[in-house]
Amino acid sequence: MKPRIFLSFVDLSGTEMEWVEKAYRDKWVVPLGPNVDEFENRLEKYLGVGHLVALSAGTAAIHLGLVSVGVQPGDEVICQSFTFAASANPIVYQGATPVFVDSEADTWNMSPEALEEAVIDRKKVTGKYPKAIIPVHLYGMPAKMDEITAIAKKYGIAVVEDAAEAIGSEYKGRKCGTIGDFGCLSFNGNKMITTSGGGALICPTKEEAEHVKFLATQARENRPYYYHKEIGYNYRLSNISAGIGCGQMDVLQEHIDRRRNNQRFYTEAFADVEGIGVLQNPSADFNSNFWLTTILIDPKTGKDPESARQFMADALIETRRLWRPMHMQPVFSNAPYYGGNCCESLFDIGLCLPSGSNLSQDDLNCVVDTLKAYMKK
């Protein structure tokens, strides 16, 4: 039977088992330990930062980023609408209200124009500016961080940068996740590298990082008995999972290079196919890791992403529709939204293609041939 081609399957090709076995031998199976320290050190070295905390999920990183910038009940937080729910859910965890903004066509990320419109209008409506802004580097493509951070600075708003899909991506030579006040990474099973589940929060100072570690381990005070003055969370990464991460760091750049090569291959393969456009870096300022290669299908061809997805699934090829914008989700139906219909339009015509770093050339050829067959039928 023909094997299924997955969208983004886990690629364990480093020294993961050596680190995991060491954790078992040393009986370090708790959410602390030497593997956690080593994983944090390796990430800091790669990113060129000095203060990073490994956590149980990228969602936990966003949540503690919002806690760290002081988001409280009654506050508002501006979030990119075109994203996964994990970008927005932590706003609600804090009792705050999400305010969604549209994307722009170059990067599919937060529109600086819609962002400033939202900031100004929310001040008129509520009497105060939003507490934080969450831009997202969607599918690994960097957002226009210069414009976004300039607006944030102008109005005194913190930026919690969602780089869950963007480790290794760069904006004007700066690693995504290191540009905002706080940066959030994810190591879920389908990401560029994995710790099974896991994430990290990049912090601006040692003091902030220490406080995040404190909050992530239930905010237990340093006393000979359990004593708590703040609400804490069980958010630290386990030593075993961190061991997987240490091994994955050995092959991180290789994984990034392969996914970028996948995107280049798809770009060349579909160059002569009418109605398919592959998302590209808009300029030399942007260097996406292309965690997922994404395409737009021109509706003038009579084709659409949902029927394409089903056609590919019948051929045992996993594709996926683009993220359905948050302001279109029932759970956020009452949230304010600013901008036009860019992200709605992208959702209507976009599709994610298999992009894993472990795809063979035969796999890639099969994806291309099958999608071409769909476009011709």
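Values in this document were obtained by computation on a predicted structure and should not be read as measured data. Note that the numbering runs from 1 along the sequence shown for the chain.
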What distance do E210 atom CD and T205 atom OG1 have between them, rounded to the nearest 0.5 Å?
9.5 Å
If you define the side chain from C-beta out and look only at heavy atoms, does anything of V49 sit under 4.5 Å from K175?
no
Within a strict 4.5 Å, meaning less than it, do heavy atoms of the I276 and T301 side chains meet?
no
Side chain to side chain donor-acceptor pair (under 3.5 Å) assessment of Q361 paired with N365
CA-CA 6 Å; Q361 189 59 54; N365 290 337; 3.1 Å; yes
T293 OG1 to L364 CG distance, which is reported to the nearest 0.5 Å:
9.0 Å
Is any side-chain N of the basic residue among K22 and E18 closer than 4.0 Å to the acidic one's carboxylate O?
no
When you check the side-chain N and O atoms of H51 and E44, is any donor under 3.5 Å from an acceptor?
no
List the steps and the verdict of side chain to side chain donor-acceptor pair (under 3.5 Å) for Y227 and N222.
CA-CA 8 Å; Y227 192 82; N222 186 22; over 6 Å; no
Distance-only polar pair, side chains of Y235 and H63, donor-acceptor under 3.5 Å
yes
Is there a side-chain contact between L371 and L353, using heavy atoms and a 4.5 Å cut-off?
yes
Side chains of R260 and S288, donor plus acceptor under 3.5 Å
no
Can you check whether A315's main-chain N or O pairs, donor with acceptor, with K2's side chain at less than 3.5 Å?
yes
Looking at CZ of F6 and CG of L316, how far apart are the two atoms once the value is rounded to the nearest 0.5 Å?
9.5 Å
Taking only Lys NZ, Arg NE, NH1 and NH2, and the carboxylate oxygens of Asp or Glu, determine whether E116 and K154 approach each other closer than 4.0 Å.
yes
R122 to Y129, cation-pi by 6.0 Å centre distance and 45° axis angle:
no
Indicate whether any N or O donor in one side chain lies under 3.5 Å from an N or O acceptor in the other, for E230 and H211.
yes
When you compare the side chains of Q253 and D257, does any donor N or O come within less than 3.5 Å of an acceptor on the partner?
yes
Hey, can you tell me if Y139 and W108 have their rings parallel, tilted or perpendicular (30° and 60° cut-offs)?
perpendicular
Check whether any side-chain N or O of H228 sits under 3.5 Å from a backbone N or O of A219 as a donor-acceptor pair, and report yes or no.
yes
Under 3.5 Å, is there a donor on one side chain and an acceptor on the other for D121 and Y338?
yes
Do D304 and R321 meet the salt-bridge criterion of a basic N to acidic O distance under 4.0 Å?
no
Carboxylate-amine/guanidinium proximity below 4.0 Å for E268 and R264
no
I would like to know whether W28 and N35 meet side-chain contact (heavy atoms from CB on, under 4.5 Å); could you show each step before the answer?
CA-CA 9 Å; W28 280 103; N35 285 355; over 6 Å; no
Closer than 3.5 angstrom, by distance alone: can the side chain of N281 be matched with the main-chain N or O of S283 as a donor-acceptor pair?
no
Is there a side-chain contact between C203 and V212 in this structure, where contact means two heavy atoms from C-beta onward sitting under 4.5 Å apart?
yes
Decide, yes or no, whether a salt bridge links E104 with K144 under the criterion of side-chain N to carboxylate O below 4.0 Å.
yes
Does the Q329 side chain pair with the main chain of R324, one donor and one acceptor, at a distance under 3.5 Å?
yes
For S345 and D348, which I'm curious about, is there any donor-acceptor pair between the side chains at under 3.5 Å?
no
So Q248 and T195, side chain to side chain donor-acceptor pair (under 3.5 Å) or not? Walk me through it.
CA-CA 8 Å; Q248 288 271 281; T195 57; over 6 Å; no
Would F182 and I202 count as a side-chain contact (heavy atoms from CB on, under 4.5 Å) here? Give the steps.
CA-CA 6 Å; F182 287 82; I202 302 165; over 6 Å; no
Any carboxylate oxygen within less than 4.0 angstrom of a Lys/Arg side-chain nitrogen, looking at E318 and R320?
yes
So, Y266 versus F290, ring centres under 6.0 angstrom or not?
no
Would you say D11 and S357 make side-chain contact, with heavy atoms under 4.5 Å?
yes
Side chain of R236, backbone of L55: donor and acceptor closer than 3.5 Å?
no
Please lay out, stage by stage, how D146 and R174 fare under the test salt bridge (charged side-chain N to carboxylate O under 4.0 Å, His left out).
CA-CA 11 Å; D146 278 358; R174 293 170 288 172; 2.7 Å; yes
Would you say the side-chain atoms of Q94 pair up with the backbone N or O of V71, donor to acceptor, closer than 3.5 Å?
yes
Atom pair CD1 (I5) and CG (D363), whose distance is rounded to the nearest 0.5 Å
4.5 Å
Rounded distance [0.5 Å steps], NZ in K191 versus CG in L292
8.5 Å
For the CZ atom of F84 and the CD atom of E165, what is their distance to the nearest 0.5 Å?
9.0 Å
Please check this pair: side chain of N190 against backbone of S8, looking for a donor-acceptor N/O pair closer than 3.5 Å.
no
Show your working on side chain to side chain donor-acceptor pair (under 3.5 Å) between N262 and S355 and close with a plain yes or no.
CA-CA 6 Å; N262 292 343; S355 305; 5.6 Å; no
I'd like to know if D298 pairs up with K303 as an ion pair, taking the criterion as any Lys NZ or Arg NE/NH1/NH2 lying under 4.0 Å from an Asp or Glu carboxylate oxygen.
no
Indicate whether any N or O donor in one side chain lies under 3.5 Å from an N or O acceptor in the other, for N109 and S103.
no
Give a yes or no on whether the backbone of G340 and the side-chain of D102 come within a donor-acceptor separation of less than 3.5 Å.
yes
Polar side-chain atom of T83 near backbone of V136 as donor-acceptor pair, under 3.5 Å
no
Residue pair C184, E161: steps toward the side-chain contact (heavy atoms from CB on, under 4.5 Å) verdict:
CA-CA 6 Å; C184 309; E161 187 182 353; over 6 Å; no
Check: F100 main-chain N/O paired with S81 side-chain donor or acceptor under 3.5 Å:
no
Any side-chain donor paired with an acceptor under 3.5 Å for T217 and Y233?
no
